[in-house]
Structures are given as structure tokens and as C-alpha cells.
Engineer: 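One structure, as C-alpha cells, below. Some questions next.
Whatever order the structure lists ligands and atoms in, that order sets their numbers, starting from 1. Only heavy atoms go into these numbers, but all of them, side chains included; no hydrogens, no water, no symmetry mates. Here, residue 1 is the first one in the sequence, and each next residue gets the next number.
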Amino acid sequence: MLLNKDFLERGLSSEEVAEAQKKYGPNKLPEAKKETLLQQFIDQFKSFLIIVLIAAAVISAFFGELIDTLAIIAVVLLNAILGVTQQRRAEAALEAVKKLANPTTKVIRDGKLQVIDSEEVTVGDLVVLEAGDKVSCDGIILEERSLYLDESTLTGESVSVKKDAVDPSSDKPTEKNMVFMGTAVTKGRAKVLVTAIGAETELGKIATKIREVKKEKTPLERQLDTLGRLLGVLFLIVSAVVFAMGVFLQGASVTDMLLTAISLAVAAIPEGLPAVVTIVLALGVADMAERNAVVRNLPAVETLGAVTHICTDKTGTLTQNRMTLVGAWFSDKYVEEEQVSQQALEEELLRAMILCNDATNSAGDPTEIALISFLDEGLVEDVRNKLPRVHEIPFTSETKRMTTVHQVDGRFLVVSKGAIEVILSLCNSELLDGEVKPLPKERKRLILQQSEELASQGLRILGFAQKVIEGSLPKEDSEIEKDLTFLGFVAMKDPLRPEVKDAVDKCREAGIRPIMITGDHPVTAYAIARELDFPEGKVITSAELATMSDEELQQTVQDISIFARINPLDKLRIVEALQKRDEVVAMTGDGVNDAPALKKADIGVSMGKSGTEVAKEASDMVLMDDNFATLVDAVFEGRTIYENMRKFIVYLLSCNVGEVLIMFTAILLGFPPPLIPLQLLWLNLVTDSFPALALGMEPGEPHLMRAKPRGHKEPILTRYHYGIIAVQSIAITAATLIGFVIGLNRVGSVEEARTIAYMVLVLSELIRAFSARSFEGYVFKMGLFSNRFLAYSTLIGIALMLVTVYVPPIAAVFKNVPPTSTEFAYIIVLALVPFTISEIAKIFRKNEMGL
Ligand code: ATP
């Protein structure tokens, strides 16, 4: 099998694959067991407050208040069910997103190169590895070309290891002839026979022992935990004070006051907040995935909205990566557009374009496809067959060139192509009308000038050179790529992506600075930046960057808008310089060597189509369409999600604070408690949570897209937001207490007065949720129903309230008495108060912010 040449060309057949897959199963590491539904349900009761609540139920049972006991238990259960449903929804959404960015592997099956989900790789498969690939299985190397692997995941050793193909004469491969799951290809390429997958791989054997999913908290969740704890303690103290005042000042019964105090604490403490945040983040992530931006880790969503700089590649991200040849320069003449044909080009140049090229007419690197797509397929095949490749020095973004060596009649033909100045630097002669002439410095300068003229039209330039070696091939690659003969250069056009110009405009409006970081020529890069209206600024190349100290770079980085002829490793310095200036940086990248910069960036962005697996793994977000405009949209989506979280946190906290204030003020003023424990629990755990979630789904507001990015160190709630919470909670308290007092004065029955207070409170929360949809925009401008989730949740909230008032047995449990029509009118008017105040407050806020 190992030596079978046919297998190296064809791989397994579909039937063999199906059989093997049946036998070996999917290529998956064993996953940690998922929580069962029951476990998730039980988890809901682990919170301290729910335990307090259960204790309250026990206490009331002890005092013979059976109905109260059952009711509390029912509310707790309902809350747990809602908690589990929401958690499951969030998990399902995240799971679906994760699948989108699944790792892939290249295999040859049925004689065709295919990219498949790594899970589908099976034992016996023929896997093709290239620089930037993650190895998804264990296997024996059958064929390789300068293959180097990063095995640090297994060995901890970060230096790349050279690997060799297995010796066909020995049947025992050594570690040097094997690749292992979890490692990555840093250089070269190989064909590998899969020997083990999933749990059977070396990694799988370790992983089965140590695999544990740990849930990581996002910075925001941590902030909210702290806030929650702080408020928790505060509200517990308030509850204790309410209890003491009720018992000692009003002579109320200890049982009643104990229950009241406990329910108040439970109702007031915003313990559900982190959960809602996670759900909203998860749903936001699902939404972004639908628009081609797949977020790989949750905290990235929070950071996205704070991005101040987007460092972007050019080729494929700003442009379409669809190259066409538009001209060729050789023997001192330039042939343009239509005339670029097989006949018009010099034979040597044409041969170099065909030979130093891994593409076929329709597949491969777009730069290379462009070099042959205008030729007869027959011609390409013919030339390649006649001059078989015996050695190659692959293209890397560092060397910016590629060289192949071909054997003819005992001699070797070396052909190189690459960045024009790189190729020229390797040449000492040129081919002029079929004759080899010396190539002095001045002549090189002249050729460069000619190429730059074309580059200034935004064209990509690629130089070509060759030489013939008699006798044996030197061992050192540097010897091979030396004293070449310059053949000429070609110019290629790579059209801009149509949506990108708009996206750049949007960035400008939103205070986000795009920076182009490209491997291409500075003149080409500049021309494209001009066309896209990139901000004016300096153009710096890798060579210039090398002369700058980190401090100097930090000083000047604000004035640079293009980094050209850059090596991937320079990207790390650029990110660091920006971060030292306190900027929040999103950085795109696709190659193996981009990984360190992607990890370091606040938002590392990899490319779904052209990106390597290594880059994807290092990134926080994958752009499925490789498009800059998608990235900009994702940043805006991040802003929307963050703002929405602020909206529902402010909304929920003003509900909670309002409830505490209502109880506290009433008792302070000598009134009986305006709400019974059950009413409090019901409205806090059931009716308030729907509108809060709906606020998390609010569509983006236009003014957010024109504002400067928020400071990333700014806490989620600023003084501005605390101000809103203060005003709103006072408004709710006033409305509810006025309702309560009116009730007491009109009828004198505490139950009826409480029903009025309860209804005012529930309705005012539901109505003011519409105003909470924007901190600055007026409801009537936004349209009442433009957030349909909110419209639905309001209806649900109203229904849930009506049930507790008008359905006799349930009303009895809540001790509610249906109000008269006059009282109902009061209720409606009072319930509109917090909403109205919120809308009026926007007038002042808008003036202040100059909106
Ligand atoms: P970006 O960094 O924006 O994606 P890029 O595609 O030009 O731009 P690289 O892929 O690093 O960046 O290429 C750098 C340079 O190397 C190119 O400008 C070109 O001159 C040369 N080059 C690109 N592809 C090849 C190739 N297949 N063979 C030889 N040289 C190449």
C-alpha cells in the first residue's frame, strides 16, 4: 500500500471511505459529557437566593401558610424552567455557530483533491498537508517537500521539526516519518496515509484523560457578578431594616415580615443578570454568523464594539482576489491587455509562467491562475510534462518569491517568480530579445521605475527570472537562487470588492481607523488606498519598520495608514504599538505566521475561504466571505449588542431598585407593605424578565454607528446610566405608592389597595420598556412595534398579570381583588408616569449630547 503510486494519485474510493467510516466512526476526540436536562434544572436551584426562597417556603409551611408555600414553590419552579429553556436556547445557538467554523482537512479521494470537515477523515485516507494546515489525524508521511511541523502541542517544544517521508524499503516508520493530530504544518507540503483518528491518536490518548469543558466568564459577566454582589449585600441590609421596622415600629407579625423581607431580598437582587447577558451574547453571535462573521469566543463580542483600529490585509479582503493579467513587460517593451497572448509573449517568460506555478487553469492560488488561464490547457500540460519539476523552494510571505527546478537533458532549469525588487536583486543579467545581457544597477533602477508606473494604477507586479545549471544541483537553496537572468514582469489587476468603499466611509464616520497591511508593493498599496478613500497617512515598508525602535513606532503609528511589503511577523509589532497607545485593534490574517499577531490583537480575524487552519485557530472571529465590509458590519453589530446589554441592565436594575424603594418607603411612612411576597416574586421573576430579554434584541440605532468607539476601559454602567436608574426607580416608586394610597383612601381594604399597586407596578414596567429601547431616541420616532419581541413580551406580561387578578382561584392565592373601572383608569394613568418621565428626560439628554 505504502508504495502504491496509484494510491498517491487517487487516494481511497468513495466506497472504501464509507466502509472505513463505518468501521472507525467519526474523527472526533471524546467530548466531555454534556449536562443533562435534569442537571441543568438542578443547577438552577444552586443559587443562594433560591435556597433562601425555599427556606421561606419551609418557614411559611411551618407557620401553616400552606397556600403561600405552594405558591412560592410554583414560582421557583417556573423560574427554573424559564432559566433552563433560555440556557438551552443559548447553547444551541452557540453550538450551531461553532459548527460553521469547523476545522477542515484536504484529502485526495477518487483521484480528486477535496476539502472536507476534519471529522470525516478516516483511517486509510490520503491527506494532503500544506503550510498553515492543522494536522487532524495521525499518519505516515508517504511523500514530502521541505516539511516542517510545529509539534509544540504535544512536546511543548516550539521549534519546528523537520519531517521525512517514510523509507519505502523499511516497513517500520519512525517518529520522523509520522505526523500527529493537533500539530501544525509550518512549512512545505506532504501526502500522508492516515493511521489513526479520534481517540486512537496520540493526542486522543492524552485528551481522553484531561478533557474537561470549563466555562469561561466574559469580562462583562465578571463586572456584573461584582455589581450583583454589591447590590445583593445592600439589598439584604435594606431587607433586614424593613423587617426590623415592620416588627418593631408597626408591630406586624414576625412571620409576615420575615416572608416580606425575604421575598424583597430575592426580588430585588439581580441574580439573573449574568444569565441574561450570556443569552443575549449567544443570540447576538448566532445573528452575526448568519451574516458571515463567525465569532469563536464569546468575550470577543464585547470587545468588537470598542474597536478603534482595523488592520486589514489587502488581497482578498479589500479586493476580490480574482486576478487577471493585463500586461507584460519584457525585452524593453510592454504589451498590454488584449495583446497579452501566447503568441505575443517571449518563449522564456511564457515557460517560466507555466513552470513556476502550482495552479491549474481553474484551481489554486489566484495569482498563479492568472498566469496561465489565458493559455491553452494542452500547452500548459505539455510544457510541464516535458520539463518535470525535481525541486522547489515554496513561496512564503517572508521571501516573497517562489523557485522551481526542472530537469532537461541532464541539465537543470531554475525558474523564479516573485516581488519585482526581490527577483531583480537575485539577477545579474537579463534576457533582451533572446540574448543574455549584463544587468547593471542603473538598468535595474529603470526596470523598477517602469514597474512602479504600472503599480501606481493599482496593478500587482510579478517579476520572473531563470538560469540553467549544468552538472549537479547545489545543496543550498541560496546557491540555486543566485545569479539569475531577468526575464521580465507581468501586471495583474485585482478588482476592488464593490462594498468596501462604503465600509471605509462607515469607519470614518464611526471614528474607526482602517490601516492597510499588505505584502504587496507600496505603490500598488497606495493606489488602492486612494481609490478606497483610506485616511491620508504615511506608507511604511518592512525595511523602514526594521529601522524603527518600538518607541518610535509607537510615536508614529498614528500617522501611518499603509504598511506595505510587510512580513507577517511585523504585524505583531504593529498591534503592540497600537495597543500601547491604548487602542483596541482588530487585525486580519490568513497565514501560519499571522497567528502570533492574531492572538495578540484584541480581535484576531481570520479568513474563512483563504485562511489557513492555524490562523483560524488563533483568531477570535472568522470572516466566512473574507470580506472587509463584513468585518466592519460585525464591529457595528458588536456596538449594538453592547448597547442593548446596557439597555436591559439599566431596565432590570431600575425595576429592582424601584421594588426595594417601594417597600422601604411605604414602611418608613408607616403604611403596611404595599405588595405581598408572592406579588413581588411573580412580577420580578416572571413578568419583568420577558421585556428585559426583548431589549437585548433591539435593532442597532443609527447614531451608534456615527459615534466614536466607546472607551474599552469604561465600565458597562457609567454615571449617565446610574442617573437613568435613579430617575426611573423613583418614578416607579412614586407611581406605585400613589396608586396604593389612592386605594387605601378609596376603599380602605389593604387587598384592593395592593392590587392597584401591583397592577400599576407591572404595567408601568411593561410600558416603560418601550422607552428603555433607546437612551436617546424617542419611542414615537422608532415606531411602537419595530421590536416585535418586545411587543410580544408585553402582551405575555399583561396576560400573566390579568390571570393573577381576574382568574378567581389564582387571584385568591395572590390576594388580588379586581379593581373597579375608575380604579382601572387611575392604574392606567399612573402606569404611564415612568414612561412619560423617561421620554421627557431624553429631551435634556439629547441637548446635552448635541444629538
Ligand atoms: P496581502 O498581504 O494584502 O494579502 P499580498 O497577497 O500581496 O497582499 P503576499 O501574499 O504576502 O501578500 O505576497 C507578497 C508578494 O509576494 C506579492 O506582492 C507578490 O509580489 C509576491 N507573490 C505573491 N504570490 C506569489 C506567488 N504565488 N509566487 C511568487 N510570488 C508571489
Engineer: I'd like to know if the side chain of T403 pairs up with that of E481 as donor and acceptor (distance under 3.5 Å, no hydrogens or angles considered).
Structural biologist: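 Note: T403 and E481 side chains meet the donor-acceptor criterion.
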Engineer: Looking at the rings of W329 and F489, which for Trp means the six-membered one, are their centres under 6.0 Å apart?
Structural biologist: yes
Engineer: For atom 14 (C) of ligand 1, which candidate among A455, G364, G519, A525 provides the closest heavy atom?
Structural biologist: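 The nearest heavy atom belongs to G519.
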Engineer: Do E421 and K400 sit within salt-bridge range, that is, some charged N less than 4.0 Å from a carboxylate O?
Structural biologist: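 Between K400 and E421 there is no salt bridge, as every charged N stays at least 4.0 Å from the carboxylate O atoms.
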Engineer: Between E476 and K482, does any side-chain N to carboxylate O distance fall below 4.0 Å?
Structural biologist: no
Engineer: Note the single closest protein heavy atom to atom 29 (C) of ligand 1, along with its residue, its atom name and the distance in Å.
Structural biologist: K417 O, 3.5 Å
Engineer: Backbone or side chain, does any N or O of M402 fall under 3.5 Å from an N or O of ligand 1?
Structural biologist: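 No, M402 has no N/O under 3.5 Å of an N/O on ligand 1.
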Engineer: Please could you name the atoms of ligand 1 that S397 approaches to less than 4.0 Å, counting only its heavy atoms?
Structural biologist: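 Counting from 1, the qualifying ligand atoms are 11 (O).
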Engineer: Taking only heavy atoms of E368, which atoms of ligand 1 are found under 4.0 Å from at least one of them?
Structural biologist: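 Contacts of ligand 1 toward E368, numbered from 1: 27 (N).
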Engineer: Taking distance alone, with no angle check, do D520 and ligand 1 share an N/O pair under 3.5 Å?
Structural biologist: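 Such a contact does occur with ligand 1.
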Engineer: Give me the nearest non-hydrogen protein atom to atom 20 (O) of ligand 1 as residue plus atom name, then the distance to 0.1 Å.
Structural biologist: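 For atom 20 (O) of ligand 1, the nearest protein heavy atom comes out as A419 CA, 3.3 Å.
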Engineer: Is any side-chain N of the basic residue among K163 and E144 closer than 4.0 Å to the acidic one's carboxylate O?
Structural biologist: no
Engineer: If you measure only the distance, is there a donor-acceptor pair under 3.5 Å linking the side chains of Q579 and D602?
Structural biologist: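 A donor-acceptor contact under 3.5 Å links the two side chains.
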Engineer: Would you mind running through ligand 1 and noting each atom that sits below 4.0 Å from a heavy atom of I461?
Structural biologist: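 In order of numbering, the contacting atoms are 20 (O).
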Engineer: Do any nitrogen or oxygen atoms of D313 come within less than 3.5 Å of a nitrogen or oxygen of ligand 1?
Structural biologist: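 Not met; the criterion fails.
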Engineer: Would one find more than 12 heavy atoms of other residues, nucleotides or ligands at under 6.0 Å from atom NZ of K386?
Structural biologist: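 At most 12 heavy atoms, drawn from other residues, nucleotides or ligands, come within 6.0 Å of this atom.
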Engineer: Report the nearest protein non-hydrogen atom to atom 19 (C) of ligand 1: residue, atom name, distance rounded to 0.1 Å.
Structural biologist: L462 CD1, 3.7 Å
Engineer: Give a yes or no on whether a salt bridge exists between R296 and E617, defined as a side-chain N under 4.0 angstrom from a carboxylate O.
Structural biologist: no
Engineer: List the closest protein heavy-atom neighbour of atom 4 (O) of ligand 1: residue, atom name, distance to the nearest 0.1 Å.
Structural biologist: T315 CB, 3.4 Å
Engineer: Quick check: are there more than 12 heavy atoms from other residues, nucleotides or ligands sitting under 6.0 Å from CD of E381?
Structural biologist: no
Engineer: Report yes or no: does a heavy atom of R565 sit under 4.0 Å from some atom of ligand 1?
Structural biologist: yes
Engineer: Given that the side chain starts at C-beta and the backbone is N, CA, C, O, which of these parts of I566 lies under 4.0 Å from ligand 1, counting heavy atoms, or is it both or neither?
Structural biologist: neither
Engineer: Tell me, yes or no, whether the heavy-atom count around Q407 atom CD, taken from other residues, nucleotides or ligands under 6.0 Å, exceeds 12.
Structural biologist: yes
Engineer: Within 45° of the ring axis of Y148 and under 6.0 Å from its six-membered ring centre, is that where the NZ or CZ of K187 lies?
Structural biologist: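 So K187 does make the cation-pi contact.
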Engineer: Starting from atom 1 (P) of ligand 1, find the nearest protein heavy-atom neighbour and note its residue, name and distance.
Structural biologist: T518 OG1, 3.5 Å
Engineer: Just going by heavy-atom distances, which of M516, K314, H521, R460 is nearest to atom 7 (O) of ligand 1?
Structural biologist: R460
Engineer: Under 4.0 Å, heavy atoms only, figure out whether ligand 1 is touched by the backbone of D365, its side chain, both or neither.
Structural biologist: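 Only the side chain of D365 comes within reach of ligand 1.
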Engineer: What residue and atom, counting heavy atoms only, is the protein's closest point to atom 13 (O) of ligand 1, and at what distance?
Structural biologist: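 Residue, atom and distance for the closest contact: F395 CZ, 3.6 Å.
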